[in-house]
Number of protein chains: 2
Amino acid sequence: MKKGLTEICYKFFNNLSNPTRLATLEKLMEKPMSVNELADALGQEQSMVSHNLKPLLQCNFVFIEKQGKKSIYSANQETVGTLFKAVEVHAEKYCPTGGKCLKEEN
Amino acid sequence: MKKGLTEICYKFFNNLSNPTRLATLEKLMEKPMSVNELADALGQEQSMVSHNLKPLLQCNFVFIEKQGKKSIYSANQETVGTLFKAVEVHAEKYCPTGGKCLKEEN
DNA sequence: ATTTCATATGAAATATAATTCATTTGAAGT
DNA sequence: ACTTCAAATGAATTATATTTCATATGAAAT
């Protein structure tokens with residue numbers, strides 16, 4: 001394993017370990033959206049979406065393109081797609097009950 | 001994207017977004033170890049290592065094999081290798097300065 | 001059955017992160 | 001210049017997660 005990767009991993013996974021940010025990425029994987037469109041789609045407040053977009057942008061999990069007053073965000077399909085796929089593969093093989101292994105009772 | 005994946009992603013990434021657990025995985029990727037060996041290798045207390053191994057085990061990021069008094073833990077090479085590799089690839093392409101984009105000042 | 005070694009657990013204390021609400025910035029139109 | 005719309009920011013509150021320390025469990029040896 002490459003030196004220093006653990007720190008980068010921490011920053012990255014930390015970034016991804018948040019329901020709002022994951023839901024944001026999920027939406028943006030479908031199509032690019034403005035902040036307010038995202039807020040609508042997620043049923044969240046604009047400021048919250050903004051706050052959560054910031055770290056995603058910083059790590060280049062999303063990209064931004066300004067159009068007049070609007071900021072159009074899009075997902076980094078390559079990275080996000082790869083990571084989500086890896087989780088899906090793992091879940092199918094190691095959590096065959098569909099997440100039963102993730103419940104509190106264990 | 002598969003339905004319900006966001007929740008699983010959350011649990012998984014949450015699990016991985018911890019320096020102790022990442023360092024643990026890094027060590028276990030090298031070779032299987034007992035809890036005390038891990039604690040030594042990491043310079044952490046045994047109870048802390050135990051606490052952190054629990055969620056890793058629950059998500060099958062690590063496996064356990066009991067040998068007498070000892071618990072030998074090993075990494076899920078497939079999953080952990082894939083995820084770390086994905087981060088490495090992303091970092092090389094999108095964080096060419098080696099994490100400068102991850103600093104606070106931005 | 002008692003002692004020792006290895007690990008796991010519980011609960012309190014501490015540290016971190018997320019959310020909300022009020023406010024600010026900035027771009028574009030009037 | 002003023003108003004409006006869109007997004008970003010700051011700071012306080014609230015919620016979560018981590019760490020520590022004391023203790024419990026469990027296996028094996030004496």
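Lettering follows sequence order; numbering is per chain, from 1. Only heavy atoms go into these numbers, but all of them, side chains included; no hydrogens, no water, no symmetry mates.
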Determine which pairs satisfy ring pair (Phe, Tyr, Trp, His ring centres under 6.0 Å) with at least one residue from residues 40-62 of chain A, sequence neighbours left out, and list them in order.
->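 Listed by first then second residue: A:F12-A:F61, A:F61-B:H90.
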Given 3.5 Å as the limit, does a donor-acceptor pair link the side chain of [X] with the main chain of [Y], or not?
{"X": "B:Q67", "Y": "B:I72", "result": "no"}
{"X": "A:N52", "Y": "A:R21", "result": "no"}
{"X": "A:E92", "Y": "A:V89", "result": "no"}

(request) Quick one: list whatever passes ring pair (Phe, Tyr, Trp, His ring centres under 6.0 Å) with A:F13, sequence neighbours left out. (result)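 Scan of A:F13 (ring pair (Phe, Tyr, Trp, His ring centres under 6.0 Å), adjacent residues dropped) gives B:F13.
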Report task. Give every residue pair that meets the side chain to side chain donor-acceptor pair (under 3.5 Å) criterion with at least one member in residues 38-49 of chain A, sequence neighbours excluded. Result ->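 Residue pairs passing side chain to side chain donor-acceptor pair (under 3.5 Å), neighbours aside: A:Q46-A:S50.
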For nucleotides 8-14 of chain C, 5' to 3', base contacts (B), sugar-phosphate-only contacts (S) and non-contacts (-) with protein non-hydrogen atoms under 4.0 Å give BBBB---
Going 5' to 3' through nucleotides 25-30 of chain C and flagging B where a protein heavy-atom sits under 4.0 Å of the base, S where only the sugar-phosphate is that close, and - otherwise, we get --BS--
Least distance between heavy atoms, A:V62 atom then A:L57 atom: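 The pair with the smallest heavy-atom distance is O-CD1, 3.4 Å.
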Can you check the B:N36 CG to C:dC5 P distance for me, whole Å?
->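 Whole-Å distance recorded here is 12 Å.
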Original post:
To the side chain of A:E45, which of D:dT18, C:dT7, C:dC21 is closest?
Top reply: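 The closest nucleotide is C:dC21.
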Strictly below 4.0 Å: does [X] bring a side-chain N or O up to OP1 or OP2 of [N]?
{"X": "A:N14", "N": "C:dA17", "answer": "yes"}
{"X": "B:N18", "N": "D:dT18", "answer": "yes"}
{"X": "B:N52", "N": "D:dT19", "answer": "yes"}

My understanding is that a pair needs two contacts under 3.5 Å, Watson-Crick or G-U wobble. By that rule, which nucleotide pairs with D:dT30?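 Result: C:dA1.
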_Considering only residues two or more places apart or on different chains, which pairs with a residue in residues 56-78 of chain B satisfy salt bridge (charged side-chain N to carboxylate O under 4.0 Å, His left out)?_
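Passing the test, one end in residues 56-78 of chain B: A:K93-B:E78.
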